[in-house]
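What follows is a short report on a single structure.
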Amino acid sequence: MVLRFPSLELVEKVYHTGPVEVPYVPGFLSFREAPNVLKAYEKLQQKPDIIMVDGHGIAHPRRMGIAAHIGVMLDMPSFGVAKQKLTGSFTEPDIAKGSINPLTDKSGDLLGEVIRSKDKVLPLFVSPGHRCDQATATRLTLACLRGYKLPEPTRLADHWAEEFKKELR
DNA sequence: GCGACAG
DNA sequence: ATCTTGTCGC
């Protein structure tokens, strides 16, 4: 789905269903999800300027999480917002909304940022995908918060996906 | 060998 | 991810 920024008003939302043959294997999520995500993207009449993906960007063992993968495939700016860590280490950010700590690899290189998007809830893992820097990924994520743990793009996408699955039954 | 492990 | 029961805090 596409939202206008910074108003976050709905611009367009499309649906797509397709077979999923590849099993889920940590580190290889894009091979399972990307194919159908790309098909859904093709249905959009209004293409976005940047893409927020539910998953990691470069905060990945080989710096190629699904957000980076999708960005490269489409050659579009992208970044990832994940709910769980895949790799790297970090110290728990302060429980207050807006607190941020770095997510780093064994060498100390920055992989992404751990952000408390809401008071006292588990933090989010934000990392650049393709043609996007950390500052932009973090800034946009924070600007998309509306009182919930998840930023509006992924939160609403999850919501409408559930509605769509109900219609199928 | 043991622990970790996006969605 | 999906399913599902019970608990906790505002």
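Below, chains carry the letters A, B, ... as their sequence lines are ordered, and counting in each starts from 1.
Every residue meeting the side-chain contact (heavy atoms from CB on, under 4.5 Å) condition with A:Glu21, not counting sequence neighbours, appears here in chain and number order: A:Pro19. Residues passing the side-chain contact (heavy atoms from CB on, under 4.5 Å) test with A:Thr91 are A:Asn101, sequence neighbours excluded. Every side-chain contact (heavy atoms from CB on, under 4.5 Å) that A:Glu163 has, sequence neighbours left out, goes to A:His159, A:Trp160, A:Lys166. Considering only residues two or more places apart in sequence or on other chains, A:Asp94 meets the side chain to side chain donor-acceptor pair (under 3.5 Å) condition with none of them.
Here A:Met76 sits in one hydrophobic cluster together with A:Val2, A:Val11, A:Val14, A:Tyr24, A:Leu29, A:Val37, A:Leu38, A:Tyr41, A:Leu44, A:Ile51, A:Val53, A:Ile66, A:Ile70, A:Met73, A:Leu74; the rule is ILVMFWY side chains under 4.5 Å apart, joined directly or through other members. A:Val20 belongs to no multi-residue hydrophobic cluster, having no ILVMFWY side-chain contact under 4.5 Å with any other such residue.
Here the options are A:Leu122, A:Thr154, A:Asp54, the test is side chain to side chain contact (heavy atoms under 4.5 Å, CB included), and the partner is A:Lys83; only A:Asp54 passes.
Using a 4.0 Å cutoff on non-hydrogen atoms, the parts of residues 56-74 of chain A near DNA chain B are A:His56, A:His60, A:Gly65, A:Ile66, ordered by number. Contacts between residues 19-43 of chain A and DNA chain B, counted as heavy-atom distances below 4.0 Å, involve A:Tyr24, A:Pro26, A:Gly27, A:Phe28, A:Leu29.
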In dot-bracket form, how is DNA chain B paired, counting a Watson-Crick or G-U wobble pair only if both its distances are under 3.5 Å and using | for bases paired to another strand? .......
Once Watson-Crick and G-U wobble pairs under 3.5 Å are found, how is DNA chain C written in dot-bracket notation, 5' to 3', with | for any base paired to another strand? ..........
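A donor-acceptor pair is defined here as one N or O able to donate and one able to accept, closer than 3.5 Å; no such pair exists between the side chain of A:Arg4 and the backbone of A:Glu9. Side chain of A:Gln46 to backbone of A:Lys13: no donor-acceptor contact under 3.5 angstrom is found. Formation of a donor-acceptor pair under 3.5 Å by the A:Arg116 side chain with backbone atoms of A:Ser99 is not found in this model. Side-chain N or O atoms of A:His130 include none that pairs as donor or acceptor with a backbone N or O of A:Ala67 at under 3.5 Å.
In 5' to 3' order, the nucleotides of DNA chain B bounding all contacts with chain A (an atom under 4.0 Å from a heavy atom) are B:dC5 to B:dG7.
Taking 4.5 Å as the limit, some side-chain heavy atom of A:Leu10 sits within range of a side-chain heavy atom of A:Leu3. In this structure, the side chains of A:Thr136 and A:Phe79 stay at 4.5 Å or more apart for every pair of heavy atoms. Contact check for A:Pro77 versus A:Asp49: no side-chain heavy atoms found under the 4.5 Å cut-off.
Contact annotation for A:Lys120: no contact, since no heavy-atom pair falls under 4.0 Å across all strands.
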With the criterion being N/O to N/O and under 3.5 Å, what pairs connect the protein with nucleotides 1-8 of chain C, and how long is each?
{"residue": "C:dT2", "atom": "OP1", "partner": "A:Lys165", "partner atom": "NZ", "Å": "2.8"}

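Here A:Phe28 contributes atom CZ and A:His69 contributes atom NE2; the two are 11.5 Å apart, rounded to the nearest 0.5 Å.
Atom CZ of A:Phe31 sits in a sparse spot, with 12 or fewer heavy atoms from other residues, nucleotides or ligands closer than 6.0 Å.
Aromatic ring orientation, A:Tyr15 versus A:Phe164: parallel (interplanar angle below 30°, classes split at 30° and 60°).
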